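Just so you know, these numbers come straight off a predicted model, no measurement behind them. Whatever order the structure lists them in is the order used to number ligands and atoms, beginning at 1.
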Amino acid sequence: MNANIRDYIKDKKRIVIKIGSSSLQHAETGDLDYVKLEKLVRALCDICNQGKEVVLVSSGAIAAGRNAMHLSGRADVKGDSPIAVKQACAAVGQAKLMMVYQKLFAEYNHIAAQILMTKNTIVDDLNRFNAYNTFKELLKLGAVPIVNENDTVATYEIEIGDNDTLSAIVAALIEADLLILLSDIDGLYSDDPRTNPDAEFIEVVEYLDEDIMQMGRSTTGSSVGTGGMGTKLIAARIATKSGADMIIANSQNVSVIHEIMEGENVGTLFKAHSDASFDLKSFVEGLHKN
Ligand code: GLU
């Protein structure tokens, strides 16, 4: 493959970066990985310093809250714990996460802002309009919006459900030109590489057709986040139809962000194909309906 095929990524101006819970915490304890968070924030601030606009979609609220309240080891508060427990964990953890982000961004002389969303933020016309204006204003002011689902109030009926999808919705809403999903996998494989050693790595997806969508069906996510490859491909569908390229890359080494922004061939690139008939509101309305 031509080594310069990704050169145009250097010119991207408005970038949404999503990081998953498993990438923000130590696997052994579930506690926040401050070294990684610090490197992440430094990389984001550096991109801002290049004159680009950056939005971070960060998971980790529920995980951080669960740990802060010493609920991690308890079987009754795992993934399928009662909704009120998860929402209480999110209330504590979201504040804790933001405290850490505020501190780290301030160290690099940048300002972090918090935006919490639910499905209603997109489905309701006035809410969507207000959210759009807030994002635009924050970016104009040079702040870095940090987005999560409003897990403390979002129940099944009004939740987006996972941050892969949420980040693509944000990218579509604010007309971003690049979405980067940082995950604990290298990118898209033809099959699940954990179970099939012959699975082939896919560097670029020119068109997101049904064959590609099928590749996500067999994989599941890590034990702490909610996204597997399936949600990443849904994100790719939203992002590419809205005119944003999307890249899935492994966040084991956070400097992968720099490699991506320098046009290096890392992760899987999904090429944008703007689709004028794609309607974000209808798409979000249809989430979880089948
Ligand atoms: N919103 C959830 C949290 O912050 C995470 C959802 C996800 O990982 O996709 O804990």
Under 4.0 Å from one or more heavy atoms of S59, ligand 1 contributes atoms 4 (O), 5 (C), 7 (C), 8 (O)

Atoms of ligand 1 less than 4.0 Å from I62 heavy atoms? 3 (C), 10 (O)

Counting N and O atoms only, with roles assigned by atom type, does the side chain of S21 sit under 3.5 Å from a partner on the main chain of G60, one being a donor and the other an acceptor? yes

Under a plain distance cut-off of 3.5 Å, with no hydrogens placed, do N150 and T152 share a side-chain donor-acceptor pair? yes

For ligand 1, which atoms sit closer than 4.0 Å to a heavy atom of D162? 9 (O)

Using distance alone, with no hydrogens and no angle criterion, decide if N133 and E137 have a side-chain donor and acceptor under 3.5 Å apart. no

Check each heavy atom of N163 against ligand 1 and say whether those closer than 4.0 Å belong to the side chain, the backbone, both or neither. both

4.0 Å heavy-atom contact, G20 with ligand 1: no

Output yes when the distance from some N or O of ligand 1 to some N or O of E149 is under 3.5 Å, and no in every other case. no

Looking only at the side chains, is there a donor atom on one of D151 and Q94 sitting less than 3.5 Å from an acceptor on the other? no

Distance-only polar pair, side chains of S255 and N253, donor-acceptor under 3.5 Å: yes

Distance only, no hydrogens: is a donor on one side chain within 3.5 Å (strictly under) of an acceptor on the other, for D31 and Y34? no

Return yes or no for this condition: an N or O of G60 is under 3.5 Å from an N or O of ligand 1. yes

Should you measure from each heavy atom of D151, which atoms of ligand 1 turn up under 4.0 Å away? 1 (N), 2 (C), 3 (C), 4 (O)

